[in-house]
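Notes for the one structure printed next.
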Amino acid sequence: MYESGELIINPEYQRLFRWTPGSQSRLIETLILELPVPPIFLMETEENVYELIDGLQRISSYLNFRGLLRSENPSPPLMLEDCDIVQELNGHTYKTLPVPLVRRLKRNFIRAEVLRKENNPRLRYYMFKRLNSGGSPLEPQEVRNCTIRLLDPEFNNILLKLAGTDDFKYCTSTVPDAQVEKRYNEELVLRFFAFRNSGAAYKHEVGDFLTEFMEAASAPEGVPDAVFSKERDEGAFLKTFRVLKAAAETVPEAVGNRVFGSVSAVGKIRGQFAVYHFEGLALGVQSILDRLDPDDSAQMAKLGQRILEIKQDPRLRDHTGGGKNTASAYKARLAFFTSELSKILA
């Protein structure tokens, strides 16, 4: 089914294949020994194709051992290692495995539960959410990316697209690669929309707030404009980061691509990404966004200087230090940045 395209491992899921060669090998050993393996879960699409929604590590490990796994970064088929029950399996590939063991492996089975296409999208979403919420090593945005797309994939695809735009990538270039791989950039896009459109509803636990907003923006029955409007909000996002990049580039040595960088005790901007600076600047500029022109070099120079002054303002520490993720701290931070940024139009 996988080879013929009847079993889909969504590329967005495939990026989360993380089992080590040892863990993959022990699964193959388990199958050869015919020991119990938990079931996998599949979703039937409108085209009567099965899409894997739980069981990625197991199915990918088996396909990797068979040399069938398609990947953006192809690698040689799995060679068994760290098998601790039958240590003689170590060093074998599928091609060198004794024929009786190959037959045993091919004839084994894993139980599969299929959620039919007739089921409500919300039922499919909550099933996946519960399957992947206990003891999962995934980062919050990785789980959102896979689960909430089961409601409706459009909003999630918008996050993916906008996280890859040049201006946004320039402004967030100080985010560590390890976090980028775990979809932190997409979470930042989500954070921008959630606080821009529903910041007044934020009370506590930012992770839950972001998840609830993404659920509302992915409702299969339709999304109210007050929650998210593709035309309005995409336009605001693109202009926001075009403006911030243009302004930051006018003071390249002091700010540049460290526009969201933290600030040292002596007022020097560092290359360490600071999420509260991201919130403050990206959201604080919204009140004057329609009056800003990224092609107006004089205005952008004025904005760049204002950003530098804000970062060197001793009051900044009151709004961006540790423990500033409460609703009251967010409102105070937004008010500070909004007030200071608007001064360029005085």
Side-chain angles (χ1 to χ4, degrees), residues 1-19 23-24 27-28 30-31 34-66 68-71 106-160 182-183 186-187 190 207-208 210-223 227-228:
M1 291 179 68
Y2 177 77
E3 289 186 292
S4 65
E6 297 174 66
L7 172 63
I8 303 299
I9 300 179
N10 191 299
E12 298 305 327
Y13 302 163
Q14 185 60 51
R15 289 179 60 183
L16 306 181
F17 177 42
R18 291 184 181 155
W19 269 12
S23 296
Q24 296 178 55
L27 173 75
I28 301 302
T30 296
L31 293 172
E34 299 180 329
L35 298 176
V37 176
I40 63 171
F41 289 79
L42 305 162
M43 178 180 71
E44 185 181 43
T45 70
E46 291 298 326
E47 295 77 26
N48 295 320
V49 170
Y50 286 167
E51 184 171 323
L52 182 69
I53 60 174
D54 186 74
L56 170 68
Q57 310 299 335
R58 283 162 282 158
I59 295 300
S60 296
S61 295
Y62 176 77
L63 294 171
N64 194 25
F65 183 58
R66 291 288 304 270
L68 302 175
L69 185 64
R70 297 186 290 271
S71 173
K106 292 174 68 173
R107 293 173 185 175
N108 202 345
F109 65 89
I110 296 178
R111 181 178 175 84
E113 300 287 352
V114 180
L115 200 61
R116 299 297 178 184
K117 62 185 177 182
E118 292 81 10
N119 289 108
N120 187 286
R122 286 195 175 276
L123 177 61
R124 294 184 291 184
Y125 162 61
Y126 283 112
M127 184 190 80
F128 190 97
K129 184 177 180 179
R130 293 189 179 187
L131 286 170
N132 289 276
S133 60
S136 172
L138 303 183
E139 293 297 314
Q141 190 59 30
E142 294 179 302
V143 176
R144 294 186 196 107
N145 173 67
C146 288
T147 60
I148 296 179
R149 67 168 48 249
L150 298 179
L151 293 175
D152 187 292
E154 182 178 0
F155 182 68
N156 193 78
N157 291 337
I158 290 172
L159 299 184
L160 291 169
K182 294 179 180 179
R183 299 188 176 277
E186 290 146 40
E187 181 173 300
L190 172 61
D208 290 343
L210 295 180
T211 297
E212 288 165 7
F213 177 83
M214 192 168 175
E215 288 175 348
S218 305
E221 61 272 15
V223 180
V227 175
F228 183 79

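Positions are given from 1 along the sequence.
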(message) Within the structure provided, determine whether Ile40 and Asp54 are in side-chain contact (heavy-atom separation under 4.5 Å).
(response) no

(message) With heavy-atom distances below 4.5 Å as the criterion, would you say the side chains of Glu186 and Leu190 are in contact?
(response) no

(message) Side chains of Met214 and Glu187, heavy atoms from C-beta outward: is any pair under 4.5 Å?
(response) no

(request) Looking only at non-hydrogen atoms, find the nearest pair between Asn156 and Arg144 and report the distance. (result) OD1-O, 4.3 Å

(message) Is there a side-chain contact between Glu113 and Leu42 in this structure, where contact means two heavy atoms from C-beta onward sitting under 4.5 Å apart?
(response) no

(request) Could you check if a side-chain atom of Glu215 sits within less than 4.5 angstrom of a side-chain atom of Ile148, using non-hydrogen atoms only? (result) yes

(request) Rounded to the nearest 0.5 Å, what's the gap from OG1 on Thr211 to CD on Gln141? Could you check? (result) 8.0 Å

(message) Apply side chain to side chain donor-acceptor pair (under 3.5 Å) to residues Asn108 and Glu34 and explain how you reach the verdict.
(response) CA-CA 7 Å; Asn108 202 345; Glu34 299 180 329; 5.3 Å; no

(message) Side chains of Phe41 and Val114, heavy atoms from C-beta outward: is any pair under 4.5 Å?
(response) no

(message) Taking the side chain as everything from C-beta on, heavy atoms only, tell me whether Leu27 gets closer than 4.5 Å to Trp19.
(response) yes

(request) Supply the atom-to-atom distance Tyr50 OH to Met1 CE, rounded to the nearest 0.5 angstrom. (result) 6.0 Å

(message) Distance check, rounded to the nearest 0.5 Å: Leu151 atom CG versus Glu221 atom CD?
(response) 8.5 Å

(request) Side-chain contact test, heavy atoms from C-beta onward, threshold under 4.5 Å: evaluate it for Leu31 versus Ile110 and give yes or no. (result) yes

(message) Rounded to the nearest 0.5 Å, what separates atom CZ in Arg58 from atom CG in Leu63?
(response) 13.0 Å

(request) Establish, yes or no, whether the cationic atom of Arg70 lies under 6.0 Å from the six-membered ring centre of Tyr2 and within 45° of the ring axis. (result) yes

(request) Find the distance between CZ (Phe228) and OG (Ser218) and round it off to the nearest 0.5 Å. (result) 9.5 Å

(message) Apply side chain to side chain donor-acceptor pair (under 3.5 Å) to residues Tyr62 and Arg66 and explain how you reach the verdict.
(response) CA-CA 6 Å; Tyr62 176 77; Arg66 291 288 304 270; 2.8 Å; yes

(request) Identify the heavy atoms of Ser60 and Ile9 that sit nearest to each other, and give their distance. (result) OG-CD1, 4.1 Å

